[in-house]
Structure formats: structure tokens, C-alpha cells
Amino acid sequence: MRYDLVIFDNDGVLVDSEPISNRLLAACLTELGHPTSYEDSLRDYMGAAMHRIHDLIQERTGQRLPDDFDDVFHARVFAAFERELEPVAGAVGVVEKLAADGVPYCVASSGSHERIRVGHRKTGLDRWFDDGRIFSSQDVGRGKPAPDLFLYAAERMGVVPERCVVVEDSPLGVQAAVAAGMDVFGFTAMSPAERLVGATQLFSNMGELADLLV
């Protein structure tokens with residue numbers, strides 16, 4: 001194994017949540033008078049912490065989103081997760097192999113701790129991710145594309161950045177990993193390869209990942 005720690009993004013890498021959450025985000029913003037298509041949401045917000053949504057809307061329109069926006073949005077997302085959410089195909093097998101081989105791994109997500117745990121419980125991934133392996137943008141001051149979250153996860157796991165590899169599917173996440181001084185494997189299931197600029201390696205099937213890591 002050429003890395004001492006594998007850091008997974010969550011949405012779109014472990015749980016197949018990006019189609020669900022971006023569909024609902026586009027609908028929520030449109031309802032509030034900020035017309036947003038599904039494609040717009042993927043382009044502007046995929047991989048981002050909630051504060052980025054607030055910041056971009058205010059920057060573009062001069063208007064603030066309602067104070068209860070996060071609560072309303074997350075209620076809709078969690079309800080949809082209970083109905084629809086599945087693990088990303090091949091993700092469970094990758095995590096099982098890392099655990100069996102004794103390779104340290106964790107998740108570092110722009111999503112809240114609650115969102116991560118709801119998704120993991122629904123998909124059965126909670127078996128593989130205890131509290132000590134879960135890191136959220138809530139734990140740091142700045143979300144992706146800042147490197148803070150990945151650096152925090154590495155520090156908590158006791159591994160220097162240059163011995164870490166990040167598995168990411170969003171341009172913001174790839175930028176954050178590069179800024180953290182980590183290798184990053186770009187998963188192209190949701191993002192075109194040309195948008196994952198800076199990735200150490202690209203792959204399109206999660207089942208390939210275990211072989212790529214050695």
C-alpha cells in the first residue's frame with residue numbers, strides 16, 4: 001500500500017446522494033425566486049458546504065436566503081434519503097477490503113455530521129465508519145475548496161498529508177486535496193474528467209479503486 005491513509009469524500013463517492021440532493025437543492029432555490037436547474041446545481045454547488053450556497057446567492061442577487069433554509073432543505077433531503085438512497089456501486093467492497101487489509105481510512109465531507117450519519121445508516125456504511133472516522137466541514141472554519149477539512153482529518157488520524165490520498169468526485173474537493181498537499185483520485189461518475197483538474201489519477205468505476213491504491 002503506497003498510502004498511510006485513504007480519505008473518502010462522502011456524497012457521490014460512498015453514498016449515491018448527489019442526484020437526490022442537487023435535484024432538491026435546485027427545486028428549493030427555484031421556489032425562493034432563484035431559478036436553478038439540476039445542471040446549475042451540479043456545476044455551482046456539488047461538493048460544497050452549505051455556506052457556499054448562501055454566499056453565492058447573496059453575491060449574485062444581493063439577497064439572503066431565509067434563516068430556516070438549511071433546516072427546510074435538509075428535512076427534504078433526509079426524507080428522500082430514506083426513500084431512495086443507495087451506496088455508490090462498489091463502495092462497500094472497497095471499504096471492506098481496506099478494513100480487512102488494516103489500511104487506515106476515514107470520510108471527510110462538506111456535509112454535516114447528521115447528513116453523513118443519516119446516509120450511512122440508510123446504506124449500511126455505518127458498520128464501517130465509527131465516530132473516529134467521520135469528519136465534516138462543521139469541524140473546521142472553511143469548507144472545500146479550502147484544504148482545512150482534509151488537513152484536519154489527517155491530523156486527527158495521525159498521518160502527514162503527503163502520505164494521504166483523497167477520493168473525490170467534485171472540482172471543489174479536488175482543489176481542496178491539492179491545496180492540502182495530498183494525492184487525489186478523481187471519480188468521474190458525476191463530474192466530467194476535464195472538470196477534475198489537478199487529480200493525480202482519474203477513474204470511472206468504484207470497483208477499480210482498490211487496485212489503484214496499491
Criterion salt bridge (Lys or Arg N to Asp or Glu O under 4.0 Å) on Arg76 and Glu82, from CA distance to verdict: CA-CA 10 Å; Arg76 294 184 186 184; Glu82 292 298 335; over 6 Å; no
Contact list for residues 171-191, test side chain to side chain donor-acceptor pair (under 3.5 Å), sequence neighbours left out: Tyr3-Asp183
Heavy-atom side-chain proximity of Leu212 to Phe203 below 4.5 angstrom: yes
Sequence neighbours excluded, every pair satisfying salt bridge (Lys or Arg N to Asp or Glu O under 4.0 Å) that has a member inside residues 199-211: none
Parallel, tilted or perpendicular: rings of Phe78 and His74 (30°, 60°): parallel
Contacts of Pro192 that satisfy side-chain contact (heavy atoms from CB on, under 4.5 Å) - sequence neighbours left out: Glu194, Arg195
Just distance, no hydrogens or angles: give the donor-acceptor pairs under 3.5 Å from side chains in residues 150-161, sequence neighbours left out.
| from | atom 1 | to | atom 2 | distance (Å) |
| --- | --- | --- | --- | --- |
| Tyr152 | OH | Arg156 | NH1 | 2.6 |

Carboxylate-amine/guanidinium proximity below 4.0 Å for Arg2 and Glu162: no
Under the ring pair (Phe, Tyr, Trp, His ring centres under 6.0 Å) test, residues paired with His113 that sit two or more places apart: none
Pairwise side chain to side chain donor-acceptor pair (under 3.5 Å) hits with a residue in residues 86-106, at least two apart: Lys97-Asp101
Exceeds 12 heavy-atom contacts within 6.0 angstrom, atom CZ of Arg64: no
Members besides Leu42 in its Ile/Leu/Val/Met/Phe/Trp/Tyr cluster (side-chain heavy atoms under 4.5 Å): Tyr38, Met46, Met190
Contact list for residues 136-151, test salt bridge (Lys or Arg N to Asp or Glu O under 4.0 Å), sequence neighbours left out: Asp9-Lys144, Arg142-Asp148, Lys144-Glu168
Side-chain touch Leu65/Leu29, heavy atoms, less than 4.5 angstrom: yes
pair Thr123-Leu85: side-chain heavy atoms closer than 4.5 Å: yes
Joint cluster assignment, Val77 & Phe69, ILVMFWY side-chain distance < 4.5 Å: yes
Co-membership, hydrophobic cluster, residues Met206 and Leu196, 4.5 Å side-chain: no
In one Ile/Leu/Val/Met/Phe/Trp/Tyr side-chain cluster, 4.5 Å: Leu14, Val174: no
Shortest non-hydrogen contact from Gly143 toward Ala49: CA-CB, 4.5 Å
All salt bridge (charged side-chain N to carboxylate O under 4.0 Å, His left out) counterparts of Arg23, not counting sequence neighbours: Glu84
Same apolar cluster: Val107 and Val15, side chain cutoff 4.5 Å: yes
Cluster check Phe8, Phe187: I/L/V/M/F/W/Y, side chain < 4.5 angstrom: yes
Donor-acceptor pair, side chain of Ser41 and main chain of Leu25, under 3.5 angstrom: no
Straight-line distance of Met50 CE to Ser137 OG, nearest 0.5 Å: 10.0 Å
Interatomic spacing from CZ in Phe81 to CG in Asp16 - rounded to 0.5 Å: 10.0 Å
Side-chain donor or acceptor of Ser136 paired with backbone N/O of Gly111 under 3.5 Å: yes
Sub-4.5 Å side-chain heavy-atom contact between Ile116 and His120: yes
Residues forming a ring pair (Phe, Tyr, Trp, His ring centres under 6.0 Å) with His34, sequence neighbours excluded: none
Short side-chain donor-acceptor distance under 3.5 Å, Ser109 and Asn10: no
Salt bridge (Lys or Arg N to Asp or Glu O under 4.0 Å): pairs with one or both residues in residues 120-132, sequence neighbours excluded: Arg117-Asp131
Validation row: Leu98, Val6 side chains within 4.5 angstrom (heavy atoms): yes
Salt bridge (Lys or Arg N to Asp or Glu O under 4.0 Å) contacts touching residues 33-53 (sequence neighbours left out): Asp40-Arg43, Asp44-Arg60
